[in-house]
Amino acid sequence: MDSLFSYSGGGPAGSDGDGFGDRPATALDALRTVFGYDSFRGQQAEIIDHVVQGGDALVLMPTGGGKSLCYQIPALVRDGVTVVVSPLIALMRDQVTALRELGVRAAFLNSSLGPAEAREVERAMVQGDLDLLYVAPERLVTPRFLDLLDRTRLALFALDEAHCVSQWGHDFRPEYLQLSILHERHPMVPRIALTATADVQTRAEIREKLGLLEARVFLSSFDRPNITYRVVPKKTERQQMLAFLRENHPEDAGIIYCMSRNKVEDVAAWLNSQGREALPYHAGLPAEVREANQDRFIKSEGLVMVATVAFGMGIDKPNVRFVCHLDLPKSLEAYYQETGRAGRDGLPANAWMAYGMADVVMLRQMLEQSEAGDSHRRVERGKLEAMLGYCETSDCRRQVLLNYFNEVLPEPCGNCDTCLEPVETWDGTVAAQKALSAVYRTGQRYGAGHLIDVLLGNSTEKVAQQQHDRLKTFGVGKDLSKAEWQSVYRQLVAAGLLTVDLEGYGGFRLTDAGVAVLKNQREVRLRKDPVQERRRGVHDALRRHTAKGGGGTAVSRAGARGAMSAEDDRLWHALRDCRTALAKDQGVPPYVIFHDSTLLEMVAQRPFDRAAFAHLPGVGGRKLERYADAFLDVIREHG
Ligand code: ADP
Ligand code: ZN
């Protein structure tokens, strides 16, 4: 088991083995020699410096921002063992695998280990043969473990996914409430708590519950500039999505979120029938199936996961290139979390959502039902309203999203659908009056389908039966198409001019605001649904990415592989195959060997020898040692 803990902190020539006494002298040394990166990102340098000096920190950084390095580097620089509290076994396993690949002495303690293995890890910890120990919170607070801690030389406590301490949050873990015991028993050991949770209440709760009121807070921007946001009106959602995937992501991995288990199964089966390999994931599947599907998703390239919200936390896969929503999430927090799983590696990624009348009706009904409400329900209402507002906005989506998290983006982003294809708005007052009048004159009982028939003057059976062809509104709406009327009704409901009955038939009633429109006391502005979905997204994003000098030409070409030269494309696939083979041999996910960004740089730079290879981002001493030859061979073959 010795090799598992081995650490070679030295330069590129470092090898397995000893590891003692050659800690990197500085944080920058560690970054370069162990992780193979040139410079720190964002606030990393500041945070690491603060923690290395022994300060407490609360780090609020979005997914993909680079939180892990904020404690992993202090763990290498400071003397002693860093204990990382992490809520999920899968997460610990991935992190430890990746660290060992880098030659770092890391291990985890959780219920997946047998007693003998666990004892071996405990021994290594007490003897100082580890730099990082990942541990589950329930294990951490046991008397046995607390006793081990007393006998260990400690460098740092890192509390990952710190929002798990929040009782209102989605991932509440009661054991997190007991973590303040660490500070009580070891007041001299610095602590760093980290989370990607963007909402203000949860942040306050973290500080209070974890006893971090004195800690320095490092708040990063929560913008994810590499994600392109899109919301399209639902027509034939599956076909729309498939077209989107074929156009933008023919070979990429991604996640598709659906509301119900049945829908997850249906959509996954349908995608497979369309020749796109997809797996289902929801809480109704047996644990073994869930685990096997998750494992396959992580270890292969190009697979699509169709899932309920049960899937996601602890998925560290950096090259998830798209996240699709076929149903509306229940809040913008949820939407932000779920879409945030795309593009952790910083390369362009897509967040795509289809949204239609049924979604609005459902959310509205949820709103009405929570009317009774105490303050908690009022909060829920506000969240649903914000979600609808995001869908219907004709402004920059990123501005709306960040604004919701109390962050101001001064200029429109240029990387969302409303920025890329500006939405027209129009004076919809007269159209709204016609639509509302149809509701009123038919007795406030019908949904959009029948009302549109009335407006268009369609002589359907129902129209005849109810004698609705005698109404004044019959046929007054021929100036708009059926699709346009659907859009009008959707927006009237979203804007609260109509409510939806709760019995589930989706009949509309006028609200006071709706009546005001009918009485000409109020104007209505509506957005025009885009006539045709344009096939865009990642390609344009990539072009901009390159224009800003974001990652060099290589990045842009490969993300938009259509635009890659045939030669580059062949090399890219050969490099991926090489990575897959190595990963399979070792039973690890491919991205643990090298990230896509490193492979893309290989395509761009075509390094021919080890010296050049060592300069690639993501190539540290240990990886140079282990993998340079295999990849150099591939590059030379394609020279
Ligand atoms: P988070 O935990 O905040 O979601 P990670 O720690 O997983 O983010 O980092 C996201 C990605 O960014 C990883 O692929 C990581 O290797 C990379 N990364 C982090 N810091 C740097 C850096 N300073 N230079 C280059 N890449 C970095
Ligand atoms: Zn925008």
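Start at 1 and go down the list; that is how both ligands and their atoms are numbered. Residues: numbered from 1 along the sequence shown.
Asn319 and Asp345 form no side-chain donor-acceptor contact under 3.5 Å, judged by distance and modelled atom types alone. Tyr591 and Asp94 share a donor-acceptor pair across their side chains, judged by distance under 3.5 Å alone. A donor-acceptor pair shorter than 3.5 Å can be found between the side chains of Ser487 and Gln491. Remark: the Glu161 side chain and the Tyr176 side chain contain no N/O donor-acceptor pair separated by less than 3.5 Å.
When all heavy atoms of Val84 and Asp160 are compared, the closest pair comes out as CG1-CB, 4.5 Å. Among all heavy-atom pairs drawn from Cys419 and Pro412, the shortest one is SG-CB, 3.7 Å.
The protein non-hydrogen atom at the shortest distance from atom 14 (O) of ligand 1 is His595 CE1, 2.5 Å. Regarding atom 11 (C) of ligand 1, its nearest protein heavy-atom neighbour is Arg344 O, 3.7 Å.
Counting heavy atoms closer than 4.0 Å to ligand 1, residue Tyr37 contributes side-chain atoms (C-beta onward) but none from N, CA, C or O. At a 4.0 Å heavy-atom cut-off, ligand 1 does not touch Pro617 at all.
Among Gln44, Gln72, Arg41, Lys67, the residue whose heavy atom sits closest to atom 3 (O) of ligand 1 is Lys67. Evaluated by nearest non-hydrogen atom to atom 21 (C) of ligand 1, the leading choice among Leu31, Leu194, Leu69, Thr63 is Leu69.
Proximity of the aromatic rings of His163 and Phe172 is defined here by a centroid distance below 6.0 angstrom, and this criterion is not met. Ring-centre distance between Phe297 and Phe311: below the 6.0 Å cut-off.
Screening Arg576, Arg579, Lys317 against Asp596 for a salt bridge (charged side-chain N to carboxylate O under 4.0 Å, His left out) leaves a single residue, Arg579.
Applying the 4.0 Å criterion to heavy atoms of Phe40 picks out, from ligand 1, the atoms 23 (N). Near Ser68, with a cut-off below 4.0 Å to any heavy atom, the atoms of ligand 1 are 2 (O), 5 (P), 6 (O), 7 (O). For ligand 1, the atoms lying closer than 4.0 Å to a non-hydrogen atom of Pro62 are 3 (O).
For ligand 1, the polar-atom distance check finds an N/O of Gly66 within less than 3.5 Å of one of the ligand's N/O atoms.
Around the Zn ion (ligand 2), the angle linking Cys416 (SG) with Cys413 (SG) is 110°, rounded to 10 degrees. Between SG of Cys396 and SG of Cys419, the angle at the Zn ion (ligand 2) works out to 100°, rounded to 10 degrees.
Atom CD of Gln53 has more than 12 heavy atoms from other residues, nucleotides or ligands within 6.0 Å.
Distances from ligand 1 to the non-hydrogen atoms of Ser39 include at least one value under 4.0 Å. At least one heavy atom of Gly64 lies less than 4.0 angstrom from ligand 1. For the ligand labelled ligand 1, residue Gly618 lies outside the 4.0 Å heavy-atom shell.
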